[in-house]
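Have a look at the structure below, then the notes.
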Amino acid sequence: MALTLLLPVLASLQLLPRLVSPAANHPAPAFSVHPQKVEYLLGDIVGLTCSAPPAKDRVSVFQYYSNMGWAVSAKVSSGWKHTYNLNITEPRIAGSYSCNYYTGKPGRFVHSGESNRITIRVKDPPAEPTLSVDPTSGVVSEGHPLLITCTAPGDARELRFHFYQDGAKIIPGDAGSEISTAETRTSSMTVSVLSIPRVDTNSTGEYTCQYEEKQSERWILSTRSQAVTVTLKDPPPRPVLSMDPPSGEVNKGFPLLITCTAPGAASEWRFHFYKDGAKIVPGDVGSEISIKEPGTSSRNVSVLSIPRAGPNSAGEFTCGYEENVSGRWVPSPRSWPVNITVKDPLPLPVLSLDPPSGVVIKGVPLVLTCTAPGDASEWRFHFYKDGAEIVPGDMGSEISTKESSTDSMMLTFPRAGPASSGEFTCGYEENVRGRWIPSPRSQAVNVTTKDPLPLPVLSLDPPSGVVIKGVPLVLTCTAPGDASEWRFHFYKDGAEIVPGDMGSEISTKESSTDSMMLTFPRAGPASSGEFTCGYEENVRGRWIPSLRSRAVNITMKDPLPLPVLILDPPSGVVIKGVPLVLTCTAPGDASEWRFHFYKDGAEIVPGDMGSEISTKESSTDSMMLTFPRAGPASSGEFTCGYEENVRGRWIPSPRSQAVNVTTKDPLPLPVLSLDPPSGVVIKGVPLVLTCTAPGDASEWRFHFYKDGAEIDPGDMGSEISTKESSTDSMMLTFPRAGPASSGEFTCGYEENVRGRWIPSPRSRAVNITMKDPLPLPVLSLDPPSGVVIKGVPLVLTCTAPGDASEWRFHFYKDGAEIDPGDMGSEISTKESSTDSMMLTFPRAGPASSGEFTCGYEENVRGRWIPSPSSRAVNVTMKATWSLPIALVAGCIGAAVGLVLLLLLICFYKRKKKGFKWERRRRTKNDGSISSYSPIPLAMINPDTL
């Protein structure tokens, strides 16, 4: 975008350079400003944005207008929008603004219609300041001081001032100048002074000033003041100062005349007298200034008359004059000094006041006492108010009737009022050999009447005024109002308390603080009584006393007993997310209590850290603080306290013993296992529940629960194992399970963490079901007699009664379960849906002898319920047969012959028919193979033969 070009401002005619004919060939653009304000300040920058609607012709120039004859145009190389930043430098910029745009080239421009108009308002600058000079004439003699004062109108606020000489800004230090931020002896921020201590030729010229005012965090410059002109003039000739008496020594009490004479022939003069460098105002030191010398018609003379010279009349006197030159007063240099000595004075009387501060409350007595020093035998006294002698009875005054032989006298105003205010002095006359010699007047004292100060407020901690012996008592005296300085006093039973009395301490707060505390670190019987306080307020260096506060009564009381704070869980170690309950209990039999809970010393407000405070009535002697879900914020040191209502006053107790709460991540769940594992228990048989704690703690405690209630050892005939707490598991045993043993069982444990027992959550529940004992199985033998020949088969068959759908069988020898294969045994592979199973010893041997039993398990809803064991059967081994040897040998030979015959027949048939034999084995349902053989001849019982 090209640089913005400022068009000539044709303000007088309000004309703009025209680029094309007036006919508008393009639609009007949109015109906006930012930032948008109702009124702009000087120094603001306003963005004027002109937005042309998109078209095929490229915009060449944007132009901005105001109704005040202002215009500016900007050439652009691309785009349909342009922003011009308007700097608000003066109020005249305010007006109605709009814009348009042009396409084409010079000589062939096509312009748009005029945009919408937006009015820009500019806030007027701060009002013009006032500029004054001292001397007021503006004519100053070389070497004399010049003061130029710039005053901003309005109230005090934050301002910055600037001075200008002949239009150029003055930097402090230029031409020996000094700029102050405020006039001497004032804190106003509306005045600034340019001081030139010694005027020279560079100090002349035209002076102006202006100021900046802070508005909305910005400095806004005012308009400049009216100009004042400073002219340099040669000083008039020095005046002549003469005295009467000419020696300069004057007796005290006699007149002193000091005459100033101006040389020359000016038509008008003004005279000034100075004592010790300070200008004398008529009336100072009892002086009177005349316009001319008595008895002359000359206008170039002025007399300073002190009718009664006194100690204040002594010093170095000078004078000066001002000469009227063309309406401007031109000061002369001062005269040569003369020294006045006052000789042989009577000593000054002393004028004292009651109240001493001189500030008296309206309506209370005011007493002025004039005392004459020395040892004269006779005096006469005089009192003066604002220089005029007071006649007894004036303003309701009374003068004491003391004899003249007394060296003091009192002037009393029984009820001070506005007429009692003013400057008071006194004097006396001393009788010296029959002549009354007047003394100089006393030092003046100023009396100010003041509306009574407001009462202070005396507050107590504890507020009830009933204090427990040995605890701190704090009384705070607060002065209302906005004075800058106070002094405080405390009183007990009407007598002022000195710091340290009764063990008290007064705070060391500065006098600029409107309150002070009286502290008894350990209240005792001496702290009881009626207390008041008062204050003094510093009024122009005088301390004005207030009335005393309303009385407060302090009563001592024996300390309330400590409350008791208990925790749930009692260990103080609480698992995150579970409830924490603190209960504060107040001992005693009061009728009404209020409770407070504290964490790490700070009081807990209900709702803090998610806490809830029970809504028990104040007539209840305890209250609970509950954290429904304990978390890290619940950890810390907790205490509680209570207040007891004693005749309408709430007396606080000391705080309880502290209890510490620690939050801990939840312990892992314990594991609860059963024996029998199925959870279905036969009545009368043992039931064992084992609770196991995970982790590696060093010490545990276990708990068992049935249907949610904890089981105590011995409940329902139970027994809890006596394993050490260092063991991570514990068993609950019911030696003979019965109906009371049924239900939902859980367990939990506590883990010892630094001496605190931390409870775990409870285990997953297991359900115990009681079942009547299954009927006994029947165990049968083959051979039935139970006497078995060594080497021949032994078969035991276990049969389960009833109509269950599924069984599992077990065989036992001498009480120990037999596993398949033990002692060469084989267990039949019958299906679990079959109600019997066989245990076979293919070749019985000595290991097959013993007492055999069997049992079964019945499937009840997925749980295997064991039966009691069958009746025992005894198996006995027999080493040999009882048949004759010849018979046995014959049988064996016949058997061998028969076998050989059968083999020959089979071999013959195989050769002839081509059949194949194969040895078949019976296959169990589970795919395994079980050997089968018919009962051999050897199993025939020889006893039946």
### Task
For side-chain contact (heavy atoms from CB on, under 4.5 Å), just list the numbers for D354 and T369, CA-CA rounded to whole Å, side-chain angles, deciding distance to a tenth of an Å, and then say yes or no.
CA-CA 8 Å; D354 184 14; T369 301; over 6 Å; no

Tell me every residue that passes side-chain contact (heavy atoms from CB on, under 4.5 Å) with [X], counting only those two or more places apart in sequence or in another chain.
| X | answer |
| --- | --- |
| L565 | L582, C584, F597, F638, C640, S656, V659 |
| Q443 | L348 |
| A526 | M502 |
| D568 | P570, V581 |

List in chain and number order the residues that pass side-chain hydrogen bond (donor to acceptor under 3.5 Å, both in side chains) with [X], two or more places apart in sequence or in another chain; answer none if no residue qualifies.
| X | value |
| --- | --- |
| N645 | E592 |
| K576 | D665 |
| E537 | none |

### Query
Got a sec, which pairs hit salt bridge (Lys or Arg N to Asp or Glu O under 4.0 Å) with one end in residues 628-642, sequence neighbours left out?
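For residues 628-642, and leaving out neighbouring residues, there are no salt bridge (Lys or Arg N to Asp or Glu O under 4.0 Å) pairs at all.
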
### Query
Given H489 and R548, is the side-chain contact (heavy atoms from CB on, under 4.5 Å) satisfied, shown in steps?
CA-CA 9 Å; H489 307 273; R548 293 190 188 174; over 6 Å; no

Go through the structure and list residues passing salt bridge (charged side-chain N to carboxylate O under 4.0 Å, His left out) with [X], not counting sequence neighbours.
| X | result |
| --- | --- |
| K214 | E217 |
| D155 | none |
| D589 | none |
| R160 | E212 |

### Task
Please name the pair of heavy atoms, one in W379 and one in P373, separated by the smallest distance, quoted to 0.1 Å.
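Looks like NE1-O, 4.3 Å.
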
### Message
To check you understand the geometry: which heavy-atom pair defines the closest contact between L580 and P569, and what is its length?
### Response
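That would be CD1-CD, 4.2 Å.
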
### Query
Does S546 reach the main-chain N or O of Y535 with its side chain, forming a donor-acceptor pair under 3.5 Å?
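Checked: pair present.
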
### Message
For S421 and T449, which I'm curious about, is there any donor-acceptor pair between the side chains at under 3.5 Å?
### Response
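Checked: S421/T449 side chains pair up, N/O donor to acceptor below 3.5 Å.
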
